[in-house]
Structure formats: C-alpha cells, structure tokens
Amino acid sequence: MKILIVEDEHKVSRFVERALSEQAYTVGVAGSCAAARDALAESPYDAVVLDLGLPDGDGLDLLREWRASGFNEPVLILSARDAVEDRVRGLNLGADDYLPKPFSVDELVARLRSLLRRQGTAPRATVLEHRGVRLDLLARTVTFNGGEVELTSREFALLELFLQNPRRVLTRTLIAEKIWDASYEMETNLIDVYVRRLRMKFDPAEGEPLIKTVRGSGYQLA
Ligand code: CA
C-alpha cells in the first residue's frame, strides 16, 4: 500500500512518514501543491494524507481537482482548521475523513487503515437521519418529515453537530468552539437563540423537542 503525505511542515511529515513506514506502508512526501500534483501524476497511490495550508495554495483545491479528474482513493485531511464548516467543506469536496491538528499519530494510522479497509466496500455515510430529520452533507439539504427546510449555514452546522453526536451532551463552550470558532467569551445566549430556532423548524408533533436542554450542562439531541 502506497500513501502520499502532502504536508509542508517537515517535522510533521517526517513524523507521519516514520509511523506509516513502521506499519509497512510505502510513503511518498510532497511539500507543496505542485509537488503533490506531480507525485500523483507520476505513480498511483492508495490513499492521501492532505494538509490544507500549503505554501503555493489550498489543499482543498487539490482535492477538488483530484475528485473532478476521477481520483477515487481515500483522502484524509489533516488540518489546524477545526470549525465544523471547514470539515463540512472538506467532506463535501470528497474527503473521507478529517483529523484536526494537533493529532495523535496512532489515531491517524488507525483511521487510515480503516479507510483503506472500507475502500471499495460500503458507501460512505453522507446522510444523517434522526426522528424525521434528514441532513444530506453532500447536497447540503435538510428535510423534516419529507418537507424541505431552509437553514442558514450556522443552523446547518449546529444541526450537523447534534446529529453527529446523538447521545452526547454538548456544552455551550463546545458548541461555541465548534460552530463559532470562538476562542473568546462569546454571548452564550446566542447559542440558546440558535437552538430555539432549530426547535421551531423541527417541531415534532409529539414527544420531546428534538434538542433537549440538560440543565446546568448544555444540550442533547433527543
Ligand atoms: Ca501547512
């Protein structure tokens, strides 16, 4: 199995290269978009580990080019950009997984192995469903009991966050970090406003509201 690492930080690429070589993968390294284009044109790879911030461009542009040209092998994005919207963009453009930096190299190896195993078998989940809500990550559409629902991009990201974490209590701090990329004290009642909007748009005729308040902690998908 041959894996291409596209990463401009030598320390990171050497570290990943060593870990993958230890697992008996053959590894190629490209430090720029141009080098990555050349590497993939020269020889076939079974998977790509892709950094986004590259000296001569954006990794997402590379990904878009590759998918448009029919390169179908797994791509795992490795990036310091950790907002939900960035992840959604990467997945929309055809990435198979997304690991935020800083990362554990063991987790990277495990995820790559699972991507390579999955390749060619099950289609990947791009639709999230829960109690009549259906969110399509590729088409970026949401329906509720079959009817289309209009969402702003923040509402979409917030709904996705809940659907991706069905049993988890999401604290306001976590929601602020994931959806607003807030490293500062934000008005947490903004989150309450957004949750209220989602509840109004997805109001089940019976049973609990879709997003329930966990007093003193945050919110949970119900
Ligand atoms: Ca970089």
Side-chain angles (χ1 to χ4, degrees), residues 1-116 118-119 124 126 137-138 140 153-154 157 160-161 164 173-174 176-184:
M1 287 280 188
K2 227 174 138 188
I3 296 174
L4 179 65
I5 303 168
V6 184
E7 168 65 72
D8 60 325
E9 279 172 71
H10 291 297
K11 254 167 69 184
V12 176
S13 60
R14 293 245 314 270
F15 179 57
V16 174
E17 181 181 18
R18 197 170 315 138
L20 292 175
S21 304
E22 277 169 16
Q23 302 293 320
Y25 292 109
T26 306
V27 180
V29 176
S32 64
C33 293
R37 282 188 191 101
D38 289 349
L40 268 196
E42 270 162 25
S43 67
Y45 281 89
D46 299 294
V48 178
V49 175
L50 181 64
D51 179 27
L52 297 186
L54 294 163
D56 56 345
D58 191 323
L60 289 178
D61 293 331
L62 277 180
L63 177 61
R64 190 182 294 119
E65 284 172 30
W66 290 337
R67 291 311 190 211
S69 69
F71 177 77
N72 283 322
E73 309 306 328
V75 173
L76 183 149
I77 292 178
L78 197 58
S79 174
R81 302 182 203 160
D82 184 29
V84 171
E85 281 156 46
D86 290 320
R87 286 216 302 279
V88 169
R89 267 185 74 206
L91 295 171
N92 278 341
L93 289 175
D96 298 85
D97 205 347
Y98 200 112
L99 197 57
K101 288 176 177 175
F103 60 97
S104 126
V105 77
D106 290 343
E107 185 177 3
L108 173 67
V109 170
R111 288 200 188 192
L112 261 182
R113 194 179 292 138
S114 119
L115 286 179
L116 288 164
R118 235 166 48 202
Q119 176 74 350
R124 62 183 89 114
T126 53
L137 284 169
L138 290 182
R140 286 190 71 77
S153 63
R154 290 240 197 256
E160 191 211 344
L161 182 64
Q164 296 277 22
T173 313
L174 183 134
E177 281 171 11
K178 295 285 181 191
I179 310 294
W180 279 269
D181 218 358
S183 47
Y184 54 91

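Sequence positions, counted from 1, serve as the residue numbers for this chain. Heavy-atom basis, side chains included; hydrogens, waters and symmetry copies ignored. Counting starts at 1 for both ligands and their atoms, in listed order.
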Is Leu20 close to Ile5 at the side-chain level, that is, under 4.5 Å between some pair of heavy atoms? yes
Quick check on the Ca ion (ligand 1): does Gly53 put an N/O/S atom closer than 3.0 Å to it? yes
Distance check, rounded to the nearest 0.5 Å: Ile179 atom CD1 versus Arg154 atom CZ? 8.0 Å
Take atom CZ in Arg14; do more than 12 heavy atoms of anything else shown fall under 6.0 Å from it? no
Among the N, O or S atoms that Asp51 has, which is closest to the Ca ion (ligand 1)? OD2
Looking at Asp8, which of its N, O or S atoms is the nearest one to the Ca ion (ligand 1)? OD1
Can you tell whether the side chains of Glu107 and Arg111 come within less than 4.0 Å, N to carboxylate O? yes
